[in-house]
Chemist: 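Below is a structure I'd like to ask you about.
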Amino acid sequence: MEKVLSSIKSLATKAPETVVNVNEVSRIALGASIKGDLSSRTDIRVDGNVDGVLYSEGRIVVGESALLSGSLLCRNLDLWGKMDGDLYIRDILSLKSSAVVNGNIFVRKMQIEMGAQLNGSCKMISEEEFDKLAAQVVKNPIPNKGARTEKK
């Protein structure tokens, strides 16, 4: 019995850790403004202004000073700023106390802090529904890894 417990403990201590490389986070800094669509395989941090479709296969963090309009799609979202448009979240949405959403939310799980504002509707969806909605909203999907995009 002790041998089984020690082997379970050794397996638990050898679990791989998740490492986030800060150089792989796309950042839209305070004072920056983007008009158009942005798609990324990596996480995105927004403190500036974005007008268009913002898509990440990972997490998006929207700071208090950020102003977004259009559509936002990602796996997880932490929102402190203002969003005018629809949110599509594959997994978890966290609306912080300073968040303002003027639009519709499509999400699997949601956490809302006291003080956050939601002016729109909210629909709980599955991952499959997210995939269908994302295919309709994202016009410029991320190319396959290693593939080059050519200018037309």
Chemist: Arg108 pairs by side-chain contact (heavy atoms from CB on, under 4.5 Å) with which of Glu127, Glu129, Arg90?
Modeler: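 In the set Glu127, Glu129, Arg90, the residue that makes a side-chain contact (heavy atoms from CB on, under 4.5 Å) with Arg108 is Glu127.
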Chemist: Which value, rounded to the nearest 0.5 Å, describes the distance between Leu54 atom CG and Ile60 atom CD1?
Modeler: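 These two atoms lie 4.0 Å from each other.
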Chemist: Between Asp86 (side chain) and Asn104 (backbone), is there a donor-acceptor pair under 3.5 Å?
Modeler: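 Yes, Asp86 side chain to Asn104 backbone: donor-acceptor pair under 3.5 Å.
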Chemist: Please answer: with hydrophobic residues joined when any side-chain heavy atoms are less than 4.5 Å apart, are Val62 and Val25 in the same cluster?
Modeler: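 In one cluster with Val62: Val25, no.
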Chemist: Within this structure, what is the CG-CD1 distance for the pair Leu68 and Ile28, rounded to the nearest 0.5 Å?
Modeler: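 So the gap between those two atoms works out to 7.5 Å.
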Chemist: Return the NZ to OG distance between Lys132 and Ser126, rounded to the nearest 0.5 Å.
Modeler: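 If we round to the nearest 0.5 Å, Lys132:NZ and Ser126:OG are 7.5 Å apart.
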Chemist: Side-chain heavy atoms nearer than 4.5 Å, only ILVMFWY residues, links allowed to pass through others: does that put Tyr55 and Leu87 together?
Modeler: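 As far as the 4.5 Å side-chain criterion goes, Leu87 and Tyr55 are not connected within one cluster.
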Chemist: Grouping I, L, V, M, F, W and Y whenever their side-chain heavy atoms are under 4.5 Å apart, do Leu67 and Leu95 come out in a common cluster?
Modeler: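 Per the 4.5 Å side-chain linkage, Leu67 and Leu95 are not co-clustered.
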Chemist: Hey, could you give me the CD1/NZ distance between Ile105 and Lys123, rounded to the nearest 0.5 Å?
Modeler: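 Here the rounded value is 14.0 Å.
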Chemist: Start with the C-alpha distance between Asp91 and Lys109, add both sets of side-chain angles, then the distance that settles side-chain contact (heavy atoms from CB on, under 4.5 Å), and finish with yes or no.
Modeler: CA-CA 6 Å; Asp91 198 17; Lys109 301 175 209 164; 3.5 Å; yes
Chemist: Sequence neighbours excluded and cut-off under 3.5 Å, please list the side-chain donor-acceptor pairs for residues 70-79, or say none.
Modeler:
| residue | atom | partner | partner atom | Å |
| --- | --- | --- | --- | --- |
| Asn76 | OD1 | Ile92 | N | 3.0 |
| Asp78 | OD1 | Arg59 | NH1 | 3.4 |
| Asp78 | OD2 | Arg59 | NH1 | 3.0 |

Chemist: In this structure, would Val61 and Leu38 fall into the same cluster of hydrophobic residues linked by side-chain contacts under 4.5 Å?
Modeler: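 Hydrophobic grouping puts Val61 apart from Leu38.
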Chemist: Donor-acceptor pair, distance only, cut-off 3.5 Å: does the side chain of Ser97 make one with the backbone of Glu113?
Modeler: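 No; zero donor-acceptor contacts below 3.5 Å.
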Chemist: So how far is it from Ser33 OG to Asn49 CG, rounded to the nearest 0.5 Å?
Modeler: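 One gets 5.0 Å once the value is rounded to the nearest 0.5 Å.
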Chemist: Within a strict 4.5 Å, meaning less than it, do heavy atoms of the Phe130 and Tyr88 side chains meet?
Modeler: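 They are in side-chain contact.
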Chemist: Quick one, Asn102 with Lys82, criterion side-chain contact (heavy atoms from CB on, under 4.5 Å). Give me CA distance, side-chain angles, the key distance, then yes/no.
Modeler: CA-CA 8 Å; Asn102 296 311; Lys82 182 177 180 184; 3.5 Å; yes
Chemist: Looking only at non-hydrogen atoms, find the nearest pair between Ser26 and Thr42 and report the distance.
Modeler: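 So the minimum-distance heavy-atom pair works out to OG-OG1, 3.7 Å.
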Chemist: Can you see whether Ser94 engages Lys96 through a side-chain donor-acceptor pair at a distance of less than 3.5 angstrom?
Modeler: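 Distance-only check passes for Ser94 and Lys96.
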Chemist: Side-chain heavy atoms nearer than 4.5 Å, only ILVMFWY residues, links allowed to pass through others: does that put Trp80 and Val100 together?
Modeler: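 They do not share one cluster, since no chain of ILVMFWY contacts under 4.5 Å joins Trp80 to Val100.
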Chemist: Is the side chain of Asp37 donor-acceptor paired with the backbone N or O of Val53 at a distance under 3.5 Å, no angle test?
Modeler: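 Such a contact is found between Asp37 side chain and Val53 backbone.
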Chemist: Look only at the side chain of Gln136 and the backbone of Leu133, and say whether a donor-acceptor pair between them is shorter than 3.5 Å.
Modeler: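 Judged by distance alone, no pair lies under 3.5 Å.
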Chemist: Without swapping roles, check the side chain of Ser65 against the backbone of Asp47 for a donor-acceptor pair under 3.5 Å.
Modeler: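 At least one qualifying donor-acceptor pair exists.
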Chemist: Would you say that Val107 contacts Met124 through its side chain, given a criterion of any heavy-atom pair below 4.5 Å between the two side chains?
Modeler: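 When only atoms from C-beta onward are counted, Met124 and Val107 do touch, with a gap below 4.5 Å.
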